[in-house]
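If you're wondering where the values come from, they're calculated on a predicted model, not measured in any experiment.
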Amino acid sequence: MDINTFVTENEVAIRLSFFFGMFFIMALWEILAPRRALTVSKILRWTNNLALVFLNSFILRLLFPAAAVGMAVFASEQGWGLFNYYQLPFAVAVILSVIIMDGMIYLQHVMVHAIPALWRLHRVHHADPDFDVTTGARFHPLEIILSMLIKFAVIAVLGPPVVAVIIFEVLLNATAMFNHSNVRLNRNVDKVLRLFVVTPDMHRVHHSVEEDEANSNYGFNLPWWDRLFGTYKAQPRGGHEGMVIGIYDYNKPEQVGWLHKMLVLPFIGQINDYTINRRYHIDRHNEE
Ligand SMILES: [Zn+2]
Ligand SMILES: [Zn+2]
């Protein structure tokens, strides 16, 4: 059996075991060495965040049973995309595909912040009043569907090897749980790690209520895009313990904690804050 057949036949098992394995490790790490004290009941957040995760998995399976991997298989059968057209050494095609797909996720993330209607969807991710391993999978179903459609388009154009798509999906899943986790990492270790991967301290800046900080550190996997495109911010102004997580005006558990509130959040309220170019700090305390 070649590797393509093996990974496509065992895709769900591979992804689930990585998901639960990583989830367990990060959840345990958060208990043993937490970075910040949580502000909201963990039971409320976890049950509702995880309920959203299950709802999203169900919707995705229903709408796109073959998912991104199926699209990659289809593209290769049709000879679609760059890497199906130009034959590169397998390893080179895999590595380039993973890096390019990660760059696309970065651009997509910038886009959902930049376009007001999409920011409405993406707000659900940011409205989590705390930041831990479950935040990493907390996305509105419509954003999940949008992500999948963008991924299909990228795969059709890129024609990545099937294995690259699986590596990318598993990697993105694992790093999203890692970089959203509420874990304490030695400052020096963090410094070295964030040369290669987005660390929790790096991504936490992006979950700040402050506009200039929320409009920074869009990377999910590789930290290079933010440095390359000028959206990198090393640390939050208020420090990791002092910074406020979430979005202004929608940060009370009764507003954003329950599943049904998350589902309707995109459709309520005005969207005139967090505009993309607001990368400077407004001192709200001294405004009046
Ligand atoms: Zn974001
Ligand atoms: Zn995030």
Side-chain angles (χ1 to χ4, degrees), residues 1-23 49-109 111-112 118 121-122 124-125 134 136-178 220-222 263 266:
M1 189 189 284
D2 73 352
I3 186 158
N4 265 1
T5 328
F6 177 79
V7 286
T8 34
E9 277 177 8
N10 297 288
E11 191 228 334
V12 175
I14 294 171
R15 290 183 52 175
L16 280 181
S17 34
F18 272 99
F19 174 81
F20 284 111
M22 193 64 186
F23 188 88
N49 283 359
L50 292 174
L52 182 60
V53 174
F54 282 109
L55 177 68
N56 284 338
S57 318
F58 177 73
I59 293 172
L60 274 186
R61 278 280 139 194
L62 204 70
L63 289 179
F64 313 108
V69 172
M71 186 64 192
V73 172
F74 184 70
S76 90
E77 283 167 0
Q78 304 294 318
W80 285 0
L82 214 60
F83 290 131
N84 288 316
Y85 194 78
Y86 297 104
Q87 293 298 319
L88 286 179
F90 182 68
V92 177
V94 169
I95 293 167
L96 281 181
S97 296
V98 170
I99 293 175
I100 293 170
M101 284 189 280
D102 191 57
M104 291 300 141
I105 293 281
Y106 167 87
L107 289 179
Q108 179 191 332
H109 192 184
M111 181 181 80
V112 296
L118 300 184
L121 301 178
H122 187 58
V124 173
H125 179 62
T134 62
R138 178 188 150 124
F139 289 94
H140 194 276
L142 290 175
E143 186 174 4
I144 292 283
I145 293 170
L146 177 75
S147 296
M148 190 52 94
L149 293 175
I150 291 173
K151 222 177 272 174
F152 283 172
V154 170
I155 291 170
V157 173
L158 191 64
V162 176
V163 174
V165 175
I166 299 196
I167 291 175
F168 180 69
E169 297 269 88
V170 167
L171 208 66
L172 187 69
N173 216 263
T175 50
M177 279 190 269
F178 170 67
F220 267 116
N221 220 330
L222 298 170
L263 293 176

| message | Working to the nearest 0.5 angstrom, can you tell me the gap between R61 CZ and N56 CG? | response | 13.5 Å
| remark: Taking every heavy atom of L55 against every heavy atom of P141, the minimum-distance pair comes out as CD2-CG, 4.2 Å
| query | Taking the side chain as C-beta and beyond, is there a heavy-atom pair between L50 and F23 under 4.5 Å? | reply | yes
| Distance, nearest 0.5 Å, that separates CE of M177 from CG of N173 | 4.5 Å
| field | Gap separating the CZ atom of F90 from the CD1 atom of I95, nearest 0.5 angstrom | value | 10.5 Å
| said: Please give me the minimum heavy-atom distance between H140 and P266, naming the atom from each residue. | reply: CD2-CG, 3.4 Å
| message | For a quick test of reading the model, state the closest non-hydrogen atom pair linking P160 to A72 and the distance between them. | response | O-CB, 4.3 Å
| said: Checking V112 against L121 for the side chain to side chain contact (heavy atoms under 4.5 Å, CB included) test, could you report, in this order, the C-alpha distance in whole Å, the side-chain angles of both residues, the deciding distance, and whether it holds? | reply: CA-CA 8 Å; V112 296; L121 301 178; over 6 Å; no
| task | To the nearest 0.5 Å, tell me how far F64 CZ sits from I145 CD1. | result | 6.0 Å
| said: Quick one, L142 and L146 - any side-chain contact, counting heavy atoms below 4.5 Å? | reply: no
| Any L222 side-chain heavy atom under 4.5 Å of T175 side chain | no
| Which value, rounded to the nearest 0.5 Å, describes the distance between I150 atom CD1 and Q108 atom CD? | 4.0 Å
| request: Determine the minimum heavy-atom distance between G159 and N84, stating which atoms define it. | output: CA-ND2, 3.5 Å
| message | On a heavy-atom basis, which atom in H125 and which in G136 lie closest, and how many Å separate them? | response | CE1-CA, 4.3 Å
| In Å and rounded to the nearest 0.5 Å, what is the OG to NZ distance from S147 to K151? | 6.5 Å
| field | Heavy-atom donor-acceptor pair, N221 side chain to D102 backbone, under 3.5 Å | value | no
| query | Can you list the residues that meet the salt bridge (Lys or Arg N to Asp or Glu O under 4.0 Å) rule with E143, with sequence neighbours excluded? | reply | none
| field | Distance-minimising heavy-atom pair for A164 and M101 | value | O-CE, 3.9 Å
| Between F220 and F139, what is the ring plane arrangement, given parallel below 30°, perpendicular above 60°, and tilted in between? | perpendicular
| message | Would you say CZ of F19 has more than 12 non-hydrogen atoms from neighbouring residues, nucleotides or ligands within 6.0 angstrom? | response | yes
| request: Side-chain contact test, heavy atoms from C-beta onward, threshold under 4.5 Å: evaluate it for V69 versus V162 and give yes or no. | output: yes
